[in-house]
Visitor: 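Take a look at this one; I'll ask things after.
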Amino acid sequence: MARSRPAILLFLAVVALAAMALAPAPVAATKYNITKLLAPYKQYSRFNEMLSRTRLAHDINRRQTITVLAVDNAAMSALDHYSLQTIRHILSLHVLVDYYGDKKLKKLAHGTTASSSMYQATGAASGTSGYVNITRKDGKVSFTTDDADDTAKPTRYVKSIKEYPYDIAVLEVSSIISSADAEAPVPPPAPVDLVELLSKKYCKSFAFLLSANADVFRTFNDTKDNGLTLFCPVDSAVAAFAATYKNLTAKAKTAILLYHGVPDYFSLQLLKSNNGMVTTLATTSENKKDYSYDVQNKGETVTLQTRVVTTSITATVGDIEPLAVYAVNKFLKPKELFKVVEAPASAPEKSKAADGGDDDSSDDSGDETAGKGDAAPAMLARWVTAATTAVAAFALMC
């Protein structure tokens, strides 16, 4: 039976829709990492390093729309006499919570517009001192604050370093942006006694292990003021692991204790909103070893997956930036010291062990299996939908 041209076009359209139904679901866009963006440019290495040391890099990476005003190594010398916390405030002025690429700056009308900075957004600024004025005059763009010293020269726009419209723009500016409020001395954080903190809640046994190893205890203490996230096994988890720990070599004991510390500050909110591998204090102490693990979140649950064991955060022991301490229900076992457990692909996901258990069979393979199991019915449903649509269209043409 001859088919009309409209019928053929209808059939082709339906086939195209069916193909779209079978196509893989789009993957979420990858977030940009400011330290990686700046890494190839050695002239900004000091600025890049300070973004990491002040933990501004993490704040930048969490934002979807941002402008970073970088300065070269020579200009960074203006910050040499400030404390780390004051430097954080000053550099926060260099992070605008809006997108200003090269084209946008050059299209600004003559006059001044104001943009909120990370300094204003975090609530550290007094009044509106965290706003940065962007002025375009005679074809040149400058950045100033209302509370800048009268003798301070405006910070000039130099050039664009890297842009991904309209997510992130990294620009070079001529000098550090001046602000009396941001440059004010910041009192250092109150000293924290790790043993006392851990002993108050959940982690008294782990505190004893740390204090018994002088090298480990010194490393944790030296790290905590610059950014430290510590995952401490609860007392029942330490008890379950005690026999195994006793038989480890002195070097292995040091490594496994350091494995519980991440040399950076992560709030619980950040852990719940980001997935990925983290390096540990054991990583930095062992040049040829990985000693990392995967942090995953599902709803309100945050898990640490080492490929030997999977443990969950059960409570917050303490969280005062730059130190965060979380209780976990199992002793973390690195793959560098223990055999990796691979569950059969067809095995159902095992139920989580009770708080404090030390079930060696728990690993990240269960989550992987579950993910594949969910994907199969979804793919089958898409095939059925596509096939049904195509058959229905063909029937209409006959």
Side-chain angles (χ1 to χ4, degrees), residues 27-80 82 84-85 87-103 105 117-119 143 155-177 223 226-229 261-267 270-271 273-295 322:
V27 179
T30 302
K31 292 182 179 179
Y32 300 108
N33 186 303
I34 183 60
T35 54
K36 289 183 179 179
L37 288 180
L38 285 172
Y41 306 95
K42 301 305 179 185
Q43 63 268 41
Y44 312 115
S45 59
R46 291 187 64 187
F47 179 83
N48 199 16
E49 177 190 4
M50 202 55 69
L51 289 183
S52 296
R53 288 188 59 193
T54 59
R55 297 177 302 283
L56 271 173
H58 292 289
D59 294 335
I60 293 170
N61 294 339
R62 284 186 290 175
R63 294 274 183 166
Q64 292 184 350
T65 305
I66 208 83
T67 300
V68 179
L69 307 176
V71 297
D72 63 20
N73 294 337
M76 282 294 292
S77 61
L79 300 179
D80 288 347
Y82 291 109
L84 188 63
Q85 189 58 42
I87 291 174
R88 175 181 167 86
H89 284 179
I90 296 171
L91 291 186
S92 294
L93 285 169
H94 287 245
V95 184
L96 308 181
V97 293
D98 199 355
Y99 179 83
Y100 287 95
D102 181 79
K103 290 183 179 179
L105 289 177
S117 70
M118 189 77 78
Y119 184 47
F143 302 87
T155 297
R156 303 289 185 185
Y157 169 57
V158 178
K159 64 181 180 181
S160 172
I161 301 171
K162 200 77 174 178
E163 296 182 21
Y164 292 95
Y166 290 88
D167 296 324
I168 184 170
V170 186
L171 314 175
E172 180 184 348
V173 293
S174 61
S175 59
I176 295 295
I177 297 174
T223 307
N226 291 325
L228 173 66
T229 301
V262 176
D264 222 326
Y265 168 79
F266 290 98
S267 65
L270 184 58
L271 292 174
S273 59
N274 290 274
N275 296 323
M277 301 297 294
V278 293
T279 56
T280 66
L281 289 173
T283 307
T284 58
S285 67
E286 295 280 351
N287 293 331
K288 297 182 180 179
K289 300 285 187 178
D290 183 22
Y291 283 110
S292 62
Y293 41 81
D294 194 13
V295 178

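Worth knowing before you read on, the calculation uses all heavy atoms, side chains too, and leaves out hydrogens, waters and symmetry mates. Model, not experiment: these values are computed from the prediction.
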Visitor: Taking only residues two or more places apart in sequence, or in another chain, which ones meet Tyr119 in a ring-ring contact (aromatic ring centres under 6.0 Å, His included)?
Guide: His89
Visitor: Taking atom OG of Ser52 and atom CG of Leu38, what is their separation to the nearest 0.5 Å?
Guide: 9.5 Å
Visitor: In the structure I gave you, are the side-chain heavy atoms of Asn274 and Val295 within less than 4.5 Å of one another anywhere?
Guide: no
Visitor: Is it true that a side-chain atom of Thr283 and a backbone atom of Tyr291 form a donor plus acceptor pair closer than 3.5 Å?
Guide: yes
Visitor: Below 4.5 Å, heavy atoms only, C-beta onward: do Ile176 and Val71 meet side chain to side chain?
Guide: yes
Visitor: Looking at side-chain heavy atoms only, is the closest gap between Asn48 and Arg53 below 4.5 Å?
Guide: no
Visitor: If the condition is ring-ring contact (aromatic ring centres under 6.0 Å, His included), which residues does Phe143 pass it with, not counting sequence neighbours?
Guide: none
Visitor: With no hydrogens and no angle check, is any side-chain donor or acceptor of Asn61 less than 3.5 Å from a backbone partner on Ile34?
Guide: yes
Visitor: Got a sec, which pairs hit salt bridge (Lys or Arg N to Asp or Glu O under 4.0 Å) with one end in residues 65-79, sequence neighbours left out?
Guide: none
Visitor: If I compare all heavy atoms of Leu37 with all of Pro40, which pair ends up nearest, and what's the gap?
Guide: O-CD, 3.4 Å
Visitor: Mark yes or no for whether Asp98, through its side chain, and Thr67, through its backbone, hold a donor-acceptor pair below 3.5 Å.
Guide: no
Visitor: Any side-chain heavy atom of Phe47 within less than 4.5 Å of one from Leu91?
Guide: yes
Visitor: Is there a donor-acceptor contact under 3.5 Å from the side chain of Ser160 to the main chain of Asp102?
Guide: no
Visitor: So do the side chains of Val97 and Ile66 get within less than 4.5 Å of each other, counting heavy atoms only?
Guide: yes
Visitor: Using ring-ring contact (aromatic ring centres under 6.0 Å, His included) as the criterion, list what pairs up with Tyr166, not counting sequence neighbours.
Guide: Tyr99
Visitor: Closest approach of Ser292 and Met277, non-hydrogen atoms and distance?
Guide: OG-CE, 3.3 Å
Visitor: Distance-only check: which donor-acceptor pairs under 3.5 Å involve side-chain atoms of residues 167-175, not counting sequence neighbours?
Guide:
unit_1	atom_1	unit_2	atom_2	d
Glu172	OE1	Tyr44	OH	2.6
Ser174	OG	Arg156	N	2.8
Ser175	OG	Thr155	OG1	3.2

Visitor: Identify the two heavy atoms, one from Phe266 and one from Thr229, that lie closest to each other, and give their separation to 0.1 Å.
Guide: N-OG1, 2.9 Å
Visitor: Would you call Val262 and Tyr293 a side-chain contact if the rule is heavy atoms closer than 4.5 Å?
Guide: yes
Visitor: According to the salt bridge (Lys or Arg N to Asp or Glu O under 4.0 Å) rule, which pairs have a member within residues 40-49, sequence neighbours left out?
Guide: Arg46-Asp80
Visitor: Treating Ser92 as the side-chain partner and Met118 as the backbone partner, does any N or O pair qualify as donor plus acceptor under 3.5 Å?
Guide: no
Visitor: Restricting to non-hydrogen atoms, name the atom on Ala57 and the atom on Thr35 that form the minimum distance, rounded to 0.1 Å.
Guide: CB-CG2, 3.8 Å
Visitor: Could you grab the distance from atom NE2 of His94 to atom CG of Leu51, nearest 0.5 Å is fine?
Guide: 10.0 Å
Visitor: What distance separates Arg88 CZ from Ile90 CD1, expressed to the nearest 0.5 Å?
Guide: 13.0 Å
Visitor: With rounding to the nearest 0.5 Å, note down the distance linking CG in Leu270 to CZ in Arg62.
Guide: 5.0 Å
Visitor: Is there side-chain contact between Val68 and Ile60, with heavy atoms separated by less than 4.5 Å?
Guide: yes
Visitor: Hey, are the side chains of Pro322 and Arg55 touching, using non-hydrogen atoms and a 4.5 Å cut-off?
Guide: yes
Visitor: How long is the gap from CG on Leu96 to CG on Leu69, to the nearest 0.5 Å?
Guide: 4.5 Å
